[in-house]
Amino acid sequence: MTDLGNKRLTILKVDIEGGEWEVLEDIIRADIDEVYIEFHFPPDEFMLSKTHSGGLKVEEDNQFSKKRRKTGLNVGEVDRLALLRKAMTVWDMFFWEPNGEHTAEVYFKKKDSVEEKDSGVTEQFAHT
């Protein structure tokens with residue numbers, strides 16, 4: 001990208017079947033206006049659902065949560081909730097759609113590029 005003289009991307013689509021977590025930190029640091037990512041959450045660790053207001057709710061399994069608090073992250077394991085929180089400092093979640101109980105397709109817009117819309121409310125990430 002930089003070899004061609006481009007310093008930023010307008011839109012990036014990421015659908016790499018679970019590998020999104022390993023590259024998300026780099027994507028967050030890049031200058032990208034809009035990002036469409038399919039997030040995969042391990043079924044024995046997380047459950048996805050919609051909030052009453054239509055936001056994304058990511059619930060960590062209680063057994064997994066207790067284990068992680070006790071032992072910490074394994075080598076190579078990423079903290080998915082921390083990465084989502086970090087992404088929300090750069091982008092607003094403009095739209096999301098569940099794709100099963102453990103996968104969500106999420107469309108982010110950079111915070112300074114979110115346009116006011118008559119019909120839309122920016123979705124918010126919720127953690128319980």
Side-chain angles (χ1 to χ4, degrees):
M1 185 174 98
T2 54
D3 290 345
L4 297 173
N6 297 316
K7 295 182 180 177
R8 63 180 263 278
L9 288 174
T10 303
I11 190 164
L12 175 69
K13 180 179 179 183
V14 180
D15 185 357
I16 52 178
E17 303 308 317
E20 65 276 1
W21 299 107
E22 285 76 29
V23 298
L24 187 56
E25 188 86 39
D26 292 329
I27 294 170
I28 291 169
R29 282 194 299 267
D31 189 9
I32 305 171
D33 293 335
E34 300 175 20
V35 179
Y36 179 84
I37 302 178
E38 183 178 76
F39 286 110
H40 297 81
F41 294 85
D44 57 337
E45 299 172 14
F46 299 93
M47 182 65 111
L48 306 179
S49 61
K50 281 192 175 184
T51 65
H52 293 292
S53 64
L56 171 60
K57 183 177 183 179
V58 178
E59 295 180 276
E60 196 170 51
D61 177 77
N62 286 335
Q63 294 296 332
F64 172 73
S65 183
K66 287 177 189 176
K67 177 185 168 194
R68 191 170 74 160
R69 278 193 299 264
K70 189 175 185 180
T71 63
L73 293 173
N74 294 325
V75 175
E77 187 178 15
V78 296
D79 187 338
R80 288 169 175 81
L81 298 178
L83 282 172
L84 284 174
R85 285 186 200 100
K86 190 169 189 177
M88 295 298 288
T89 66
V90 176
W91 304 302
D92 284 315
M93 191 179 299
F94 192 72
F95 173 82
W96 85 279
E97 185 66 36
N99 187 2
E101 293 180 339
H102 305 286
T103 306
E105 297 175 7
V106 181
Y107 176 40
F108 292 107
K109 281 190 165 186
K110 198 171 197 175
K111 286 194 179 284
D112 60 359
S113 68
V114 174
E115 300 171 8
E116 291 294 322
K117 292 189 145 202
D118 295 338
S119 62
V121 175
T122 301
E123 307 294 345
Q124 292 299 312
F125 166 73
H127 168 64
T128 61

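Side chains are part of it too, since the values below use all heavy atoms of this structure and drop only hydrogens, waters and symmetry mates.
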If I compare all heavy atoms of Ile32 with all of Thr10, which pair ends up nearest, and what's the gap? CG2-O, 4.5 Å
If you take all heavy atoms of His102 and Pro42, which pair is closest and at what distance? ND1-O, 4.3 Å
About how many Å separate [atom2] of [Y] and [atom1] of [X], when rounded to the nearest 0.5 Å?
{"X": "Glu17", "Y": "Thr103", "atom1": "CD", "atom2": "OG1", "result": "8.0 Å"}
{"X": "Ile37", "Y": "Trp91", "atom1": "CD1", "atom2": "CH2", "result": "5.5 Å"}
{"X": "Lys109", "Y": "Ile11", "atom1": "NZ", "atom2": "CD1", "result": "9.0 Å"}
{"X": "Leu48", "Y": "Lys57", "atom1": "CG", "atom2": "NZ", "result": "11.5 Å"}

Using a strict cut-off of less than 4.0 Å between a Lys/Arg side-chain nitrogen and an Asp/Glu carboxylate oxygen, indicate whether Lys111 and Asp92 qualify as a salt bridge. yes
Taking C-beta and beyond as the side chain, do Asp15 and Glu105 meet within less than 4.5 Å on heavy atoms? no
Quick one: do Phe46 and Leu81 satisfy side chain to side chain contact (heavy atoms under 4.5 Å, CB included)? Show the steps, please. CA-CA 10 Å; Phe46 299 93; Leu81 298 178; 4.0 Å; yes
Considering residues at least two apart in sequence or located in another chain, which fulfil the ring pair (Phe, Tyr, Trp, His ring centres under 6.0 Å) criterion with Tyr107? Phe94
Decide yes or no on side chain to side chain contact (heavy atoms under 4.5 Å, CB included) for Glu38 and Lys13, but give the supporting numbers first. CA-CA 8 Å; Glu38 183 178 76; Lys13 180 179 179 183; over 6 Å; no
Given the rule in the side chain to side chain contact (heavy atoms under 4.5 Å, CB included) test, do Leu84 and Trp21 qualify, once you have shown the distances and angles that lead to the verdict? CA-CA 10 Å; Leu84 284 174; Trp21 299 107; 4.1 Å; yes
Check side-chain contact (heavy atoms from CB on, under 4.5 Å) between Ile16 and all other residues, then give those that pass, not counting sequence neighbours. Val14, Glu20, Val23
Output all residues satisfying salt bridge (charged side-chain N to carboxylate O under 4.0 Å, His left out) with Glu25, sequence neighbours left out; order by chain, then residue number. Arg29, Lys86
